[in-house]
Amino acid sequence: MDLLSEHGYRQDGRKPNQIRNINCRLGVYSQADGSAYLEQGNTKVLAAVYGPHEAKQRSRILEDQCLINCQYSMATFSTSERKYRPRGDRKSTELTRHLEKTFNSAVLTTMYPRSQIDIFCEVLQSDGGNLAACINAASLALVDAGVPMRGIVSAAICGATDGQPCIDLNAAEESANIPRLTPCIDLNAAEESANIPRLTVATLPGGDDDLLLLELDHRVHHDQLEAIIDAAVKGAAQVHACLQTAIRKHVSEVATCLQWENS
Amino acid sequence: MASPADLLRVCDPGEYYRSFLERDLLPDGRATSEFRPLSLQLGVISSAYGSAMVRQGGACVVVSVQPEVSVPIDGSGFIVVNVDSSLDATDASLSMQAQLEDTVACLHSLIDDDAIVNRKSLVVVAEKIAWTLYVEVLVLSVDGGLTDATVSALVGALADLRLPSISLKDEATDDDRPFELSKAALVISDARHRLELVDYPVSSTFVFHKATCADGDAKKRKRAVMRCICDPSEQLLALMTGACNVVVGRQGQVYRVNRGGGGEGVSISTLDTVVSLAAKRQQSVELVIEQALRMRAD
């Protein structure tokens, strides 16, 4: 299976630089301090934020900043095959670490010394780009919780086939085994495994040096890397526009409910 | 009596390091574009079929590989990685634990990616016999370059690995019965052979430092210079969150780019510099491994 058809379209009819539909809501739980639900195509994610509150474990208290504690989990029914997914397996610990790293740099952690912010992400339906969707959802939940951040974090995943980058992959595309129809320029193409390179980036808008997270799966040649990162950053910018619209809408709704003056 | 520099290091490590970094130097006398020397020793564990010890700065890692015979699944053998550390969980700092976690993730992704050994090449007899390689990683001490040292040690141990020759005794068994490894007659000879490595991936760690030009005019001062610092020490790594870890193989093949958490954001052009530096580093480390292999063969 090739990522792109001969006419340059993807399996689900998108163009290479097109993201999936984003559908999101802020403030879905009343118990949590902040929460959000996000659909990115068929990937559905719930995120909840608790805090800032006093750090639970004394040994983990940081004197000068707050601790960001994340948990990534997948529902048993999230994939086509039902599977019990215990917390703390290798993949989810790795993704948890990525979430923590991302929000450690996005949240103004020095505002809350000796405290802790918990971010929980649950993947309800998995259809590719889980990490990116979780970051987007968590970012909305943090906004809902009113946690000060350097900006709204947005993330996107990007793959590449024959040097042509495609953003926001779905599950079928993520697992695609690609026979290379046209030979790549680089010499190692023949011995490269069929796995496509995938890259997840998280960015803060504004300025050009704003990559918060960069995670590459599978091999890619140095010469292609820049094009892939560039495409992924542009994808994240599209996502950012969607998130911003959602936040504005949410805020204006809240303002109407509270009968604030529209200024 | 502690020198003023030592006092500054304790009181204000940020300022201490800044004074060095602005001169493109590190406190241990290196230039910021220099890596700490790597010492590699192959065959340190005589009972293992392949082993390596790597020391890079304060980080020290021993890796041993033990092959076992198994039945292949989906036409490939297995590589099982176990990481053990002498780190005491109570007195290890958070950044050390984080480094250890990142190292484990890095090793697993390299194995899953067939970056070092193609697991299909571990099959000896199709659908009957394949090697399972048990890789034991023992982290003796943690310092800034832990991931770099561990990846080099893993590649070294796999390069050092000599597998015994193995074959099935009689192929003339009736095909009706399913193949059982425990009942098969295996012939194991003493002739050892090396494993063909796909690539020699090398990991490099960087942190970034944004400095304003102190001796420029006002306009220049605003334009911050982004500095890439190679191979940071433990204290520097803990101080400057947002390290970037790059694994590069031969001919500019990039296996892993991992960056996140804190510190300054990084632009695409900075990242390109980092990958180029890592590619240069890969060549020198590959040379070290090849040299060690030659010495071992003699």
Side-chain angles (χ1 to χ4, degrees), chain A residues 59-62 65 67-68 90-91 93-107 109 135 150-151 186-189 191-193 195 197 199-204 206-230 232-233, chain B residues 81 89-94 97-98 101-102 104-110 112-115 118-120 198-199 201 208 210 224 226 241-272 274-276 278-279 282:
Chain A
S59 60
R60 295 180 73 188
I61 290 179
L62 301 172
Q65 53 178 292
L67 175 84
I68 307 280
R90 207 181 85 207
K91 198 71 207 165
T93 352
E94 202 187 325
L95 292 177
T96 301
R97 288 266 311 134
H98 290 323
L99 283 171
E100 275 170 6
K101 280 180 175 180
T102 310
F103 288 106
N104 244 326
S105 44
V107 173
T109 47
I135 290 173
R150 280 165 58 199
D186 63 299
L187 300 165
N188 273 3
E191 64 194 55
E192 250 184 65
S193 71
N195 291 317
L199 180 93
T200 305
V201 297
T203 63
L204 278 172
D208 57 346
D209 41 2
D210 51 3
L211 297 178
L212 292 184
L213 171 92
L214 203 63
E215 163 70 3
L216 174 78
D217 289 331
H218 304 305
R219 62 195 72 176
V220 65
H221 195 266
H222 184 180
D223 300 342
Q224 294 179 1
L225 188 67
E226 204 171 313
I228 298 180
I229 295 175
D230 196 47
V233 168
Chain B
V81 181
T90 49
D91 72 25
S93 69
L94 273 177
Q97 284 172 22
E101 275 176 39
D102 286 346
V104 174
C106 180
L107 291 185
H108 283 299
S109 87
L110 287 178
D112 288 347
D113 224 16
D114 287 337
N118 188 352
R119 281 168 293 175
K120 287 201 165 51
V198 179
D199 202 346
F208 304 99
K210 203 181 233 171
M226 194 61 121
T241 44
C244 177
N245 183 256
V246 184
V247 181
V248 183
R250 281 175 179 160
Q251 289 166 346
Q253 199 69 244
V254 182
Y255 288 99
R256 220 177 124 80
V257 178
N258 190 311
R259 108 131 219 132
E264 303 290 348
V266 170
S267 68
I268 296 178
S269 60
T270 318
L271 207 74
D272 204 52
V274 159
V275 176
S276 309
Q282 192 273 341

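A quick note: this is a predicted structure, and the numbers were derived from the prediction, not measured.
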Separation between NE2 of A:His98 and CG of B:Asp102, rounded to the nearest 0.5 Å: 8.0 Å
Under 4.5 Å from any heavy atom of chain A - which part of B:Leu271: side chain
B:Ala98, part contacting chain A, at a heavy-atom distance under 4.5 Å: both
Heavy-atom contact with chain B under 4.5 Å, split by part of A:Glu94: side chain
Side chain / backbone / both / neither for A:Leu62 at chain B, heavy atoms under 4.5 Å: side chain
B:Asp112/A:Lys91 salt bridge by N-O under 4.0 Å criterion: no
Heavy-atom check, side chain of A:Leu216 versus side chain of B:Arg256, under 4.5 Å: no
Test log, rule side chain to side chain contact (heavy atoms under 4.5 Å, CB included), inputs A:His222 and B:Val248: CA-CA 9 Å; A:His222 184 180; B:Val248 183; over 6 Å; no
